[in-house]
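We name chains A, B, ... by the order of the sequence lines, and we start the count at 1 in each one. Small disclaimer: the values here were computed from a predicted structure and weren't measured.
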Protein chains: 2
Amino acid sequence: MSNPSPAPSTFLNVNSLRASCSNCSMHQLCLPMGLGGNDMDKLDQIIGRRCKVPRDGYLYRMDDPFTNLYAVRVGHFKTYQINAGGEQQITGFQMAGELLGMDAISTDRHHCDAIALEDSEVCEIPFARLEELFGSMPVLLRHFHRMMSQEITREQSVMLLLGNMRAEQRFAAFLVNLASRYTARGYSSTSFQLRMSREDIGNYLGLTIESISRLLSRFKKQGLLKVSNREIELLDPATLKAMAAGTEICS
Amino acid sequence: MSNPSPAPSTFLNVNSLRASCSNCSMHQLCLPMGLGGNDMDKLDQIIGRRCKVPRDGYLYRMDDPFTNLYAVRVGHFKTYQINAGGEQQITGFQMAGELLGMDAISTDRHHCDAIALEDSEVCEIPFARLEELFGSMPVLLRHFHRMMSQEITREQSVMLLLGNMRAEQRFAAFLVNLASRYTARGYSSTSFQLRMSREDIGNYLGLTIESISRLLSRFKKQGLLKVSNREIELLDPATLKAMAAGTEICS
DNA sequence: CGCCGACTTGACATTAATCAAATGTAGTGG
DNA sequence: CCACTACATTTGATTAATGTCAAGTCGGCG
């Protein structure tokens, strides 16, 4: 519930390097997926600065005017909403190759805060210029639609998680989801570091920090994983997957 | 949890009338919003059949191949997900002027079931043909992006609701949301009929049918609303809004 | 009239939240 | 290297919110 209130001064630490999709290791997962060399060049030309965001720095804040989408190049982010009563809900954790800011298109203002979980880098994508490209680059447009659609289905999965799953199941689903995203990026699917605090995990999953801590202890005792601070090793991914899917035999 | 299992035979009851945006009362809320007469005609030309879907009939089912988006012309729908363990989560209730099927773009298969809550009508929008229009109709494309983005923000609000709100707050938010959508459609914001069962409401809000029933009784006793079967009259919308926002003084 | 499904209400159980310590960890300065 | 602080995490005891189970009631329809 309590907001960490990172220093608001650290907005964007601009790096004069221009971003380039062609030589970015994430281009198979990110916006330029499937583009030919020619189209890739055109996209490169509109992509703006490559920006560094320090740990706990804001990438953007709720109600900021919307001008850019951001693609995560390095690092991790969290996005969260706050309502009038001060209740906060983390709506996602974003990693390299994922797009931030699509929720702002509908009103031209950002609907959430985005904060870096570690020192990170993003590519700035001026949305107006991206729209100009759409007319002549159907492959780009199609992939952009897929990315928005994917965000919709991701959120639907979270709705299922928050609306119908027990604590244990939520947490298993969370771990399995992280594992699969790291796999897609060429990292180990069983060993990784949590970039977010227990509190952030709990907030995202609709649970308290104490519940997360207890679940970690229990999973460890059950031999499902090893944990040391934020370092995680999944010892029994199959059982975790079954728990997440709700198909585990008994409990 | 238990699925009503509507007759799967009632897929689409085709009506030979062609849909037309120009004379549809929903065009200010729906996909053609803001289009000039010329563009509207072009959109009309690609829009396929106008389809009737009987109450409890499926508009589409999970894993069906994706070819069309659907705009609700008349009636109401619900969409829901089911996971491997059989857990079900209603992800939305759609009314006239709202678009169904955007979650299918990412994989070319529908990610949820869509069922009519009453006898309804939709306009079929062949997505491949819509994409062809995007190149030459930037206004249409922009509005389509707004609609997808709006769906993302809607789902984020539901995440906040499911992750952080108490039962009472969730239900107030649900009622207030319905009221505002009816207002936007020119209907009363204080008197309307619930098109969905208590069970559906509970499922959507992550609560049980008993909780919904008790909340209705309590709100009635507190003078916040009148209820008779599915007929609702909001007597104190201001307090309901404050409850939904989490800004109500005490409880 | 009587049945059926949808809803309501009550009694009780359970899950996860809350409250309260205790412990661990990282960073800082001596 | 160590003491010290601030903060994050773990663990335990208790409570509160909501779920579960079990009757009942209501309304519509054949």
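- In this structure, the CZ atom of B:Phe219 is 18 Å from the P atom of C:dC7, given to the nearest Å.
- Between the CG atom of A:Leu215 and the C1' atom of C:dA17 there is a distance of 13 Å, rounded to whole Å.
- At a threshold of 4.5 Å between non-hydrogen side-chain atoms, the residues B:Asp64 and B:Tyr58 do not count as touching.
- A salt bridge is defined here as a Lys NZ or Arg NE, NH1 or NH2 lying under 4.0 Å from an Asp or Glu carboxylate O, and A:Arg109 with A:Asp63 fails to meet this definition.
- The ring pair (Phe, Tyr, Trp, His ring centres under 6.0 Å) analysis of residues 209-238 of chain B, with sequence neighbours excluded, yields the pairs B:Phe171-B:Phe219.
- Take B:Arg154 and apply the salt bridge (Lys or Arg N to Asp or Glu O under 4.0 Å) test, not counting sequence neighbours, and it matches B:Glu151.
- Going from atom NZ of B:Lys220 over to atom C1' of D:dC26 covers 11 Å, rounded to whole Å.
- Sorted pairs that involve residues 234-243 of chain A and meet salt bridge (Lys or Arg N to Asp or Glu O under 4.0 Å), not counting sequence neighbours, are lacking altogether.
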Extract all donor-acceptor atom pairs below 3.5 Å that involve side chains of residues 180-187 of chain B and protein atoms in other chains or at least two apart in sequence.
residue	atom	partner	partner atom	Å
B:Ser180	OG	B:Asn177	O	3.1
B:Arg181	NE	B:Glu98	OE2	3.2
B:Arg181	NH1	B:Asn177	OD1	3.0
B:Arg181	NH2	B:Phe93	O	2.5
B:Arg181	NH2	B:Glu98	OE1	2.9
B:Arg181	NH2	B:Glu98	OE2	3.4
B:Tyr182	OH	B:His76	NE2	2.8
B:Thr183	OG1	B:Ala179	O	2.8
B:Arg185	NE	B:Ala96	O	2.6
B:Arg185	NH1	B:Arg181	O	2.9
B:Arg185	NH2	B:Ala96	O	3.0
B:Arg185	NH2	B:Glu98	OE2	3.4

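- Side-chain contact annotation: A:Glu155 with A:Thr91, donor-acceptor N/O pair under 3.5 Å absent.
- Inter-axis angle, ends of the helix from C:dC1-D:dG30 to C:dG30-D:dC1, five pairs per end, rounded to 10 degrees: 30°.
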Sugar-phosphate or base contact per nucleotide [nucleotides 9-20 of chain D; S, B, -; heavy atom under 4.0 Å]:
SBBBB----SSB

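- With rounding to whole Å, A:Gln169 atom CD is found 13 Å from C:dT15 atom P.
- Checking each of A:Leu216, A:Leu207, A:Leu194 against A:Ile201 for a side-chain contact (heavy atoms from CB on, under 4.5 Å) leaves exactly one that passes, namely A:Leu194.
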